[in-house]
Amino acid sequence: MRIGEVASRSGVSVRALRYYEEQGLLPADRTGSGQRTYDEPAVERVQLIQQLYAAGLPSRTILELLPCVDTGHASPESFALLTAERDRIGAQIRSLQQAQAKLDEVIHIAHNPTPEHCPALRHPAPSAAAA
């Protein structure tokens, strides 16, 4: 089947399919005129790639996992890779939570300025009578 049909059936763009091929995730055959063609299992493979991306995995990790998918057997290395990715994502979540807490502090200070946090409140503006 041609690239447009795979895109339509799998729910991704033609551009995404070209990217997957470029990354080595989705092999394509070529016609004599250079058009990409795919076997029927390509649709399911694209849907799996989409699930792995949605799980936060980068293309290089997906590429490392695909041999396990192709053979139907997970290896200890694939489990270690998935665990490392989960740990990486967990660290990102914790970092974002810390950033969110800091932003909440900034918002609170913006709503409730004090001389400690706002230099303009340390020195009152001169009054019109003093001028």
Side-chain angles (χ1 to χ4, degrees):
M1 83 185 85
R2 292 187 183 211
I3 194 168
E5 185 178 351
V6 175
S8 176
R9 290 180 52 197
S10 61
V12 302
S13 68
V14 167
R15 183 176 177 185
L17 295 176
R18 288 185 187 123
Y19 175 77
Y20 296 166
E21 181 184 1
E22 186 180 285
Q23 296 299 307
L25 304 173
L26 183 67
D29 293 323
R30 299 284 182 153
T31 65
S33 62
Q35 293 181 329
R36 292 170 177 86
T37 61
Y38 300 90
D39 294 335
E40 187 64 33
V43 172
E44 197 172 305
R45 187 177 189 95
V46 169
Q47 291 168 337
L48 172 66
I49 292 167
Q50 285 293 133
Q51 288 179 327
L52 295 172
Y53 274 127
L57 300 179
S59 58
R60 70 180 183 284
T61 301
I62 295 171
L63 186 60
E64 289 182 56
L65 293 171
L66 286 176
C68 294
V69 171
D70 293 338
T71 64
H73 298 289
S75 67
E77 294 81 12
S78 65
F79 286 116
L81 185 59
L82 290 169
T83 300
E85 287 297 324
R86 184 190 61 214
D87 292 346
R88 179 187 61 81
I89 291 169
Q92 287 179 327
I93 290 169
R94 288 186 294 281
S95 178
L96 286 170
Q97 287 171 330
Q98 290 171 352
Q100 182 182 35
K102 291 292 185 190
L103 185 55
D104 287 343
E105 288 177 31
V106 170
I107 291 169
H108 176 76
I109 291 167
H111 281 292
N112 306 289
T114 65
E116 175 187 2
H117 298 105
C118 183
L121 296 177
R122 290 185 202 142
H123 308 288
S127 66

Do we see a donor-acceptor contact under 3.5 Å between the side chains of H108 and N112?
yes
Would you kindly say whether T114 and E116 are connected by a side-chain donor-acceptor distance under 3.5 Å?
no
S10 side, atom OG; L17 side, atom CG - distance, nearest 0.5 Å
5.5 Å
Check whether any side-chain heavy atom of L82 sits under 4.5 Å from a side-chain heavy atom of L65, and report yes or no.
yes
Exam field: side chain S8 to backbone G4, donor-acceptor pair closer than 3.5 Å
no
Residues two or more places apart in sequence or in another chain: which of them pass salt bridge (Lys or Arg N to Asp or Glu O under 4.0 Å) with E40?
R9
Report all side-chain donor-acceptor pairs from residues 50-63 shorter than 3.5 Å, counting only partners two or more places apart or in another chain.
from	atom 1	to	atom 2	distance (Å)
Q50	OE1	Y20	OH	2.1
S59	OG	Q23	OE1	3.3
T61	OG1	E85	OE2	3.2

Do L81 and I89 sit in the same hydrophobic cluster, where Ile, Leu, Val, Met, Phe, Trp and Tyr count as joined when their side-chain heavy atoms come under 4.5 Å apart?
no
Shortest non-hydrogen contact from A16 toward S13
N-OG, 3.0 Å
Kindly write out the residues that satisfy salt bridge (Lys or Arg N to Asp or Glu O under 4.0 Å) with D29, not counting sequence neighbours, or none if the list is empty.
none
Those residues that, when tested against R15, pass salt bridge (Lys or Arg N to Asp or Glu O under 4.0 Å) (two or more places apart):
none
Separation of R88 CZ from I93 CD1 (nearest 0.5 Å)
10.0 Å
With a 4.5 Å heavy-atom cut-off, do R18 and R36 have their side chains touching?
yes
Side-chain contact test, heavy atoms from C-beta onward, threshold under 4.5 Å: evaluate it for Y38 versus L26 and give yes or no.
yes
Would you check, one step at a time, whether the test side chain to side chain contact (heavy atoms under 4.5 Å, CB included) holds for E21 with I3?
CA-CA 11 Å; E21 181 184 1; I3 194 168; 6.0 Å; no
How long is the span from the CD atom in E77 to the SG atom in C68, to the nearest 0.5 Å?
8.0 Å
Go through the structure and list residues passing side-chain contact (heavy atoms from CB on, under 4.5 Å) with T71, not counting sequence neighbours.
H73
Which distance, rounded to the nearest 0.5 Å, do you find between the CD of Q97 and the NZ of K102?
14.5 Å
Which heavy atom in R45 sits nearest to a heavy atom in L66, and how many Å separate them?
NH2-CD1, 3.2 Å
Flag the pair M1 / D39 as yes when at least one side-chain heavy-atom distance between them is below 4.5 Å, and no otherwise.
no
Who else is in the cluster with F79 when I, L, V, M, F, W and Y are joined by side-chain contacts under 4.5 Å?
none
Determine whether R2 and Q35 make a side-chain contact, defined as any pair of heavy atoms from C-beta on separated by less than 4.5 Å.
yes
Near Q47 CD, under 6.0 Å, is it more than 12 heavy atoms from other residues, nucleotides or ligands?
yes
Can any side-chain N or O of R94 pair as donor or acceptor with the backbone N or O of G90 at less than 3.5 Å?
yes
